[in-house]
Amino acid sequence: MESVGPVKHVPVLARTLAERIILSQDAVMVDATVGQGGHSYLFGQNLGKNGRLICFDVNEDSLRSAREKLKDLECEVLFVRENFSQLKPVLEKNGIDKVDFIFADLGVSSAQLADISSGLSFQQNMPLDMRLDKRLKTTAADIVNRTDEKSLADIIYKYGEDRASRRIARFIVSARQSEKITTTAQLSSIACKALGQRAKGRRSKIHPATRTFQALRVAVNNELENLEVLLQTAPDILKAGGEIAVISFHSLEDRIVKYDFREKKADGIYEIMTKKPLIADREEIVENPRARSAKLRIARRCEIS
Ligand SMILES: C[S@@+](CC[C@H](N)C(=O)[O-])C[C@H]1O[C@@H](n2cnc3c(N)ncnc32)[C@H](O)[C@@H]1O
């Protein structure tokens, strides 16, 4: 079972979203990443009995928490255990043609990070899994134990943007020759050894394993490709005047969102509502350190010709 513990996930940029996104009582909205339902609850409270909220998540425990959190909303709430890349077919199956708002808060929740079965954190020792959707076949351990050195370096470079990717890949391949890598502690220790003195010399304050863990999570869950599909699908699903808001937590995702919105603006599909991404203020970051790297971008669907 994917047991998500009692860790509470605090929704990021909630106040900013509440100020920017005004939904009518009978709006239809999609939360592509419902998580523990924090954002959905904020939006859902403004929806009346004719409003509809369609909640996606690939993670069973997230959906269970969200069901509990959203049970008293007045609007109709539909929960779907599906990848948001399947947005269009799922909406079609449920007879929904167009929506007023699509929201995505990318990545993982605090509860998932703390969940011992997730294998997502280098702060605790866990089996090296990283699948948000336990129906996926390949775990992070499969990748680190089976992938050749060059491809491993490519993954760490492409999805983790770590300039020491080749060195880390070399250390992983050397370590796995004596013992299979099955835990987050093993992988974290290998990354620390690989970076050694370099980590101390790096100006960055992040832990030496941060980028390797990010890279593997992105690879295991196919995160960038899924985001691209969601963004490609969104204009077909949004009503004219409807909006899409995406919160990202690392530059790879933010770049994809930024260029997608720009391209669609150039094609007359979107008006960009956030010239620069909206970020958390100091007060929010003190209260919720996860908000530190959050970037929110919003676009509005233009008239459909
Ligand atoms: C940052 S959390 C969302 C937290 C939520 N906004 C809240 O306030 O509780 C991201 C959630 O999206 C889910 N997720 C990540 N990628 C997904 C995808 N491609 N399709 C559907 N759900 C996804 C994760 O399982 C996680 O529960």
Side-chain angles (χ1 to χ4, degrees), residues 2-18 21 29-45 53-70 73 77-91 101-115 117-121 129-136 159 214 217-234 245-250 252-254 256-257 280 284 287-296:
E2 306 159 29
S3 84
V4 169
V7 174
K8 197 172 165 333
H9 177 88
V10 183
V12 301
L13 295 167
R15 197 158 17 95
T16 312
L17 280 160
I21 306 292
M29 86 157 261
V30 168
D31 186 342
T33 54
V34 70
Q36 291 191 328
H39 286 108
S40 263
Y41 186 75
L42 295 174
F43 295 121
Q45 275 180 316
L53 173 56
I54 302 107
C55 300
F56 283 73
D57 208 294
V58 285
N59 185 271
E60 219 168 34
D61 294 309
S62 293
L63 282 170
R64 195 174 309 123
S65 309
R67 274 201 180 91
E68 181 58 28
K69 173 93 183 168
L70 305 175
L73 288 181
V77 189
L78 177 67
F79 294 95
V80 195
R81 188 177 178 203
E82 263 303 346
N83 198 293
F84 57 54
S85 62
Q86 300 306 303
L87 181 60
K88 197 167 180 190
V90 169
L91 291 189
F101 180 45
I102 300 173
F103 175 68
D105 175 21
L106 301 172
V108 298
S109 68
S110 310
Q112 283 169 309
L113 271 178
D115 174 9
S117 75
S118 72
L120 287 164
S121 173
D129 189 321
M130 298 199 188
R131 290 169 303 161
L132 302 183
D133 183 347
K134 295 291 192 227
R135 297 168 299 190
L136 294 174
Y159 297 142
Q214 174 185 306
R217 198 196 83 198
V218 168
V220 165
N221 297 291
N222 219 10
E223 292 184 19
L224 303 185
E225 292 78 3
N226 289 330
L227 174 59
E228 276 163 6
V229 176
L230 173 72
L231 295 172
Q232 285 312 321
T233 317
V246 183
I247 300 178
S248 60
F249 290 87
H250 55 78
L252 290 170
E253 289 170 344
D254 183 54
I256 291 175
V257 179
E284 179 173 358
E287 274 170 27
N288 183 12
R290 237 178 63 79
R292 198 182 47 234
S293 45
K295 287 189 173 155
L296 165 65

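Every number for a ligand or one of its atoms is a count from 1 in the order of the listing.
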Under 4.5 Å between any side-chain heavy atoms of Val257 and Leu227, yes or no? yes

Please assess Glu60 against Lys134 for the test salt bridge (charged side-chain N to carboxylate O under 4.0 Å, His left out), listing each intermediate value before the final yes or no. CA-CA 9 Å; Glu60 219 168 34; Lys134 295 291 192 227; over 6 Å; no

For Glu228, salt bridge (Lys or Arg N to Asp or Glu O under 4.0 Å) partners two or more places apart: none

Just to verify, which of Phe84, Phe56, Phe43 counts as forming a ring-ring contact (aromatic ring centres under 6.0 Å, His included) with Phe103? Phe43

In order of chain and number, which residues sit within 4.0 Å of ligand 1 by heavy atom? His9, Pro11, Ala32, Thr33, Val34, Gly35, Gln36, Gly37, Gly38, His39, Asp57, Val58, Asn59, Ser62, Glu82, Asn83, Phe84, Asp105, Leu106, Gly107, Val108, Ser109, Gln112, Leu132, Arg290

Does Glu284 have any salt bridge (Lys or Arg N to Asp or Glu O under 4.0 Å) partners at least two apart in sequence or in another chain, and if so, which? none

Sorted by chain and number, sequence neighbours left out, salt bridge (Lys or Arg N to Asp or Glu O under 4.0 Å) with Arg131 holds for Asp129

